[in-house]
Amino acid sequence: MPQPRPTVVVLCGSTAYWDKLAEANLYETAAGRVVLAPGCNLKEPHPLWADQQQADRLKRVLDALHLRKIDMADEVLVVNPDGYIGDSTAREIDYARSLGKPIRYTEQP
């Protein structure tokens with residue numbers, strides 16, 4: 001008999017806190033949830049975004065992709081160390097709210 005589908009959670013937060021996002025991913029996965037998370041950290045050097053034009057294009061692609069991840073998720077977990085929520089994360093929270101997605105925070109905003 002098939003098991004019920006696990007909850008799908010999307011992580012939102014600044015990639016400046018990449019280690020905190022990874023930790024949240026670990027805990028959510030261990031709790032039996034499917035995790036959708038940022039896949040690129042543009043704050044770390046990489047050939048895919050080595051020049052500014054590449055980085056700008058990729059940032060737009062990733063921002064749109066993350067909204068699709070929010071569409072797919074059952075709930076949102078905002079990773080916000082010390083209560084920090086940047087502009088991109090705030091837009092994602094607003095988008096998730098517009099869809100009626102439940103939102104949790106790692107720290108109270």
### Task
Check the pair Ile93, Tyr105 against side-chain contact (heavy atoms from CB on, under 4.5 Å), reporting the backbone distance first and the verdict last.
CA-CA 11 Å; Ile93 292 168; Tyr105 296 84; 3.9 Å; yes

Testing the basics here: between [X] and [Y], what is the closest heavy-atom pair and its distance to 0.1 Å?
X: Pro6; Y: Gly32; result: CB-O, 3.3 Å
X: Ala90; Y: Ile85; result: N-CG2, 3.7 Å
X: Ala37; Y: Leu11; result: CB-CD1, 3.9 Å
X: Ala55; Y: Leu42; result: O-CD1, 4.3 Å

#### Entry: Residues Cys12, Ile103; criterion side-chain contact (heavy atoms from CB on, under 4.5 Å); working and verdict
CA-CA 10 Å; Cys12 295; Ile103 300 171; over 6 Å; no

### Task
Before giving the answer on side-chain contact (heavy atoms from CB on, under 4.5 Å), spell out for Arg5 and Asp74 the whole-Å C-alpha distance, their side-chain angles and the decisive distance to 0.1 Å.
CA-CA 11 Å; Arg5 182 177 75 79; Asp74 299 313; 2.9 Å; yes

Cluster overlap [X] with [Y], hydrophobic side-chain contacts below 4.5 Å:
X: Tyr17; Y: Tyr27; value: no
X: Val76; Y: Val8; value: yes
X: Val10; Y: Val35; value: no
X: Leu26; Y: Leu77; value: no
X: Leu36; Y: Tyr95; value: yes

### Message
Can you confirm whether more than 12 heavy atoms, excluding those of Asp19, are under 6.0 Å from its CG atom?
### Response
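Counting neighbours around CG of Asp19, more than 12 heavy atoms of other residues, nucleotides or ligands fall under 6.0 Å, so yes.
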
### Task
Taking atom NZ of Lys69 as the centre, report whether more than 12 heavy atoms of other residues, nucleotides or ligands fall under 6.0 Å from it.
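Yes, enclosed.
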
With sequence neighbours left out, write down each residue that passes salt bridge (charged side-chain N to carboxylate O under 4.0 Å, His left out) with [X], or none if nothing qualifies.
X: Arg68; answer: Asp71
X: Lys43; answer: none
X: Asp56; answer: none
X: Arg60; answer: none

### Query
Hey, does Asn41 have a side-chain heavy atom less than 4.5 Å from the side chain of Leu21?
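The answer is no; the side chains never approach within 4.5 Å.
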
### Message
Working to the nearest 0.5 angstrom, can you tell me the gap between Asp94 CG and Leu99 CG?
### Response
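Rounded to the nearest 0.5 Å, the CG-CG separation comes out at 11.0 Å.
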
### Message
Strictly distance-based, threshold 3.5 Å: is any side-chain N or O of Thr29 a donor or acceptor partner for the main-chain N or O of Asn25?
### Response
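At least one qualifying donor-acceptor pair exists.
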
### Message
For Tyr84, is there any backbone N or O sitting under 3.5 Å from a side-chain donor or acceptor partner on Asp82?
### Response
no

### Message
Can you pull out every ring-ring contact (aromatic ring centres under 6.0 Å, His included) where at least one residue sits in residues 51-81? Sequence neighbours excluded, please.
### Response
none

### Message
Taking salt bridge (charged side-chain N to carboxylate O under 4.0 Å, His left out) as the cut-off, I'd like each qualifying pair that reaches into residues 98-109, sequence neighbours left out, listed once.
### Response
Glu28-Arg104, Glu75-Arg104

### Query
salt bridge (Lys or Arg N to Asp or Glu O under 4.0 Å) between Lys59 and Asp63: does it pass, once the steps are laid out?
CA-CA 6 Å; Lys59 171 82 167 108; Asp63 286 349; 2.9 Å; yes

### Message
Between Asn80 and Thr89, is the side-chain contact (heavy atoms from CB on, under 4.5 Å) condition met? List the steps.
### Response
CA-CA 9 Å; Asn80 60 325; Thr89 303; over 6 Å; no

